[in-house]
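Read the structure below first, then the notes.
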Amino acid sequence: MTGRMYPDPERKRNRGYLGGDSSGLPPRDLQDRQQLRYELDLNSWNLRIWGVAASGFLTDSYNLFATNVILASLSFVYFPHERWCGLIINFFTLFGSVVGQLLFGYLADKYGRTRLYGIELVLVIVSTIGVATTSTGYGDISFLALFTFWRFVMGIGIGAEYPLSAVITSEWSSTSSRTTMLSSVFLMQPVGQALAQLVGLFVLLGENRAHRLHELQCGIDTRNEEECKTIIDGIWRIVIGSGAVPAILAIIFRFFLYDCGLYTLEVKNKPGNAFRDTQRVYGAPGNENNSNGFPSSNGHTVQTIANGGGTLTLPASRPEPDEPATSLQFSMSDLYNFFIRDKNWYYLLGTSMTWFYLDVSFYGFSLDNRGTLSDLWATTDAVSITADLECWNTPGSAVPSWAAGSGLPTWQTDATKPCNTIYETLIEQTKQYLLTVSLASIAGSACFVVFANRIPRREWLTASFGVLTVLFLVTGGLYYGVAHTERSWGTVVCVAICHFMFNFGANTLTFIIPAEIFPTCYRCTCHGISAAAGKVGSIVAVLIVYGINAGYKSTTRQGLVFLLFATFMALGALYSWAYLPDVQRVVHDSTPDGKLKRRLETKSLEELGGGYPGAVAEGQVFGVRNKWAVMRDKVRFRVGKGRKHSDGNEAVMEGAIGGQYPLRGGNANHFRRGGGVVNVVNDTIELPAR
């Protein structure tokens, strides 16, 4: 048993892909995995795991979206007339996130989740201090270059949080609570957005009480320019620096978290450690029938041994059978078998492209959208900068210089109120963001937590993309009709509904599904690749919005953005429909009155880890052409066409979750499709040539 608990030190190389049927896992390890699943599924919500993951995700969301709070202040102090500086800051923050997601996703699979968990928060803490203390030195350091460097480092830490928090939460959760746990962690994203806005508001109000910021007419009265810049410069530094506080609290707990037993068993091949760490978190399973042991879900017996002040339940010693040959993790042969031979690239394509298209629209709306929100809330057209303005002739007025120069400064985002000071501008931005974005986003995420196990999640992902497509089209059309009028509130309401739908559907699910459908050995890597694709989409969004605002001078150009983003939502619906598997199944429970009650049951990580071969064996279909063929045949069966198999027996198509339409009767390996036969050979669907 000692050798079983602590394998030979020579056996340090990680196990790779176990195959669609887990045939790469020795029978004894297969039994141990079933025992681990049994122990995990005895539990439900785990506050410890959620708290550790959620605190880090809250910190990262706060720091990422804090740019919405601080960019106006930065512009006021350092670059009041350069509009490209905000683009550079956001670009390198997002690019750092891409690097962090790819790098830490790979490292977490190779070296262990918890070995990396905490390092990313160290990066966030260090970079937060670096950003908050950025200076120009004695006239020889570029503030923008140094600030951007630290934001890039912060981006790496922010990006690393995505695969680590998602996968650790997924693997430590019971099957029934997994989606609720993951969605509750993701709820921290809109909460972090709102928290950044609220911290910025409280700091601004505090500085106003301390320094009479509003009375100084900062931004309008040049006589107080230096004093105003000193005060505003302190505001954004406090807002950014505050992001390190929850990170410091979270990091204390992260270094005392263990890798989930599933990873330790399947990849590290250390079953003893797997049971030990699982029971450190959840405790030993209850033991009602036998004081010395209890049967597992697969019937084998485990022993209870003393461990200090408590007990640990470990697998009983059994003769070691011959182990099947398995590939090594990240070897070329293993990667080929997983992605190419078993066609799991379908899954990765589905998760990556849905996240990419989602983030194009989501970050186009949510990141550096100060000018966008001001435009949506505007009830009049932009006011010309002329001598008729009330603030034109005030003592020390900076407004005449705006008219003679390049127009409104970059911190002044509301062209309908050019006489607003920086204080009034920041107050307006906070109000607009909280009412339009934050409240709706939090409500959407909270609703998803409630309904997570009551909706077919893969279908809802596709449906939410479809709903968002329609919403963007409606919002764009409405904007053209009511922009800059007293009815502009209609567009604001539509945008708020869009943010609700983002978080009630696609935004949350693109985070959850990649943490479920990949096998343990590549779960973090694939989640990191998917998340990185999303961040690439956010970079595309930032560039698109900046390009439209810079090159298209129409006063209603925002309507074009809505209509353009509707296209990306439609593409997201297509990829989620064609390339993602079902993560639930329909089961029917008998009721006391003899009726059957339909409910959705979440599949375990072990089932979903079977990948593409396992899904095809269940009757699922992937690819646009194959999906279209099945959908068309379903319609034909419903209208009474093509009812016969090639052997003359009737075929019955039954609707099932996720587009599964198993055929019964006659020959189950083929059914008629139009002018040909759709064959299922070796669990692969073959369509007739067109």
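All values below come from the heavy atoms of this structure, side chains included, with hydrogens, waters and symmetry mates left out.
Pro190 places a side-chain heavy atom less than 4.5 Å from the side chain of Asn503. With a 4.5 Å cut-off on side-chain heavy atoms, Arg33 and Leu25 count as touching. Residues Lys603 and Glu618 are in side-chain contact: their nearest non-hydrogen atoms beyond the backbone lie under 4.5 Å apart. Side-chain contact check for Thr462 versus Glu459: every heavy-atom pair is 4.5 Å or farther apart. Side-chain contact check for Met181 versus Ile49: some heavy-atom pair is nearer than 4.5 Å. Residues Thr525 and Phe330 have side chains in contact (heavy-atom distance under 4.5 Å, counting atoms from C-beta outward). Side-chain contact between Phe356 and Lys535 is absent, with no heavy atoms from C-beta onward closer than 4.5 Å. A 4.5 Å side-chain heavy-atom check between Phe518 and Phe338 finds at least one atom pair inside the cut-off.
Side-chain contact check for Thr264 and Asp259: no donor-acceptor pair (N or O, by modelled atom type) lies under 3.5 Å. With 3.5 Å as the limit, one finds no donor-acceptor pair spanning the side chains of Thr175 and Ser604. For the residue pair Thr179 and Arg457, a side-chain donor N or O sits within less than 3.5 Å of a side-chain acceptor on the partner. Counting only N and O atoms by type, the side chains of Ser538 and Asp359 include no donor and acceptor under 3.5 Å apart. Counting only N and O atoms by type, the side chains of Gln189 and Asn507 include a donor and acceptor under 3.5 Å apart. Side chains of Ser174 and Ser177: a donor-acceptor N/O pair is present below 3.5 angstrom, by distance only. In summary, the side chains of Gln197 and Gln193 do not present any donor paired with an acceptor at a separation below 3.5 Å, with no hydrogens or angles considered. Glu161 and Ser165 form a side-chain donor-acceptor contact under 3.5 Å, judged by distance and modelled atom types alone. The closest side-chain donor-acceptor pair between Lys110 and Asn14, if any, does not fall under 3.5 angstrom.
Screening Glu171, Glu516, Glu601 against Arg178 for a salt bridge (charged side-chain N to carboxylate O under 4.0 Å, His left out) leaves a single residue, Glu516. The ring pair (Phe, Tyr, Trp, His ring centres under 6.0 Å) test with Phe511 is passed by exactly one of Phe362, Phe57, Phe448, Phe502: Phe57.
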Is there a ring pair (Phe, Tyr, Trp, His ring centres under 6.0 Å) between Tyr575 and Tyr357? Walk through the geometry before answering. CA-CA 9 Å; Tyr575 275 90; Tyr357 289 124; 5.8 Å; yes
Under the criterion ring pair (Phe, Tyr, Trp, His ring centres under 6.0 Å), I'd like the reasoning laid out for Tyr363 against Phe65: C-alpha separation, chi angles, the key distance, then a yes or no. CA-CA 10 Å; Tyr363 280 89; Phe65 291 97; 5.8 Å; yes
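In plain terms, the two heavy atoms of Ala506 and Leu358 that are nearest each other are CB-CD2, 3.6 Å. The two residues Ala53 and Val185 have their closest heavy-atom pair at CB-CG2, 4.0 Å. Across all their heavy atoms, Phe568 and Ser361 have their closest contact at CB-OG, 4.1 Å. The minimum heavy-atom distance linking Ala160 with Glu120 is given by the pair CB-CB, 3.5 Å. The minimum heavy-atom distance between Val199 and Ser242, with the atom names listed, is CG1-OG, 4.1 Å. A pairwise comparison of heavy atoms in His527 and Val167 identifies CB-CG2, 4.4 Å as the closest pair.
Within 6.0 Å of CZ in Arg115 there are 12 or fewer heavy atoms belonging to other residues, nucleotides or ligands. The environment of Phe500 atom CZ is dense: over 12 non-hydrogen atoms of other residues, nucleotides or ligands sit within 6.0 angstrom.
Look at Asp582 and Arg458 and you find a salt bridge, because one of the NZ, NE, NH1 or NH2 atoms lies within 4.0 Å of a carboxylate O, short of that distance. Between Asp109 and Arg523, none of the side-chain N atoms (NZ, or NE/NH1/NH2) sits under 4.0 Å from a carboxylate O, so this pair counts as no salt bridge. The existence of a salt bridge linking Arg15 and Glu266 is excluded, since no basic side-chain nitrogen approaches an acidic carboxylate oxygen closer than 4.0 Å.
The line from CG of Asp29 to CD of Gln34 is 11.5 Å long, rounded to the nearest 0.5 Å. The distance from atom CZ of Phe186 to atom OG of Ser61, rounded to the nearest 0.5 Å, is 8.5 Å. Residue Leu36 holds its CG atom at 5.0 Å from OG1 of Thr278, rounded to the nearest 0.5 Å. Atom-to-atom distance recorded for Leu94:CG and Ile89:CD1 is 12.0 Å, nearest 0.5 angstrom. One distance of note links CD of Gln101 with CD1 of Ile158; it measures 10.0 Å at 0.5 Å rounding.
Annotation: Phe504 is in aromatic contact with Trp460 [ring centroid separation under 6.0 Å].
With Tyr117 as the aromatic partner, Arg113 does not meet the cation-pi criteria of under 6.0 angstrom to the ring centre and within 45 degrees of the ring axis.
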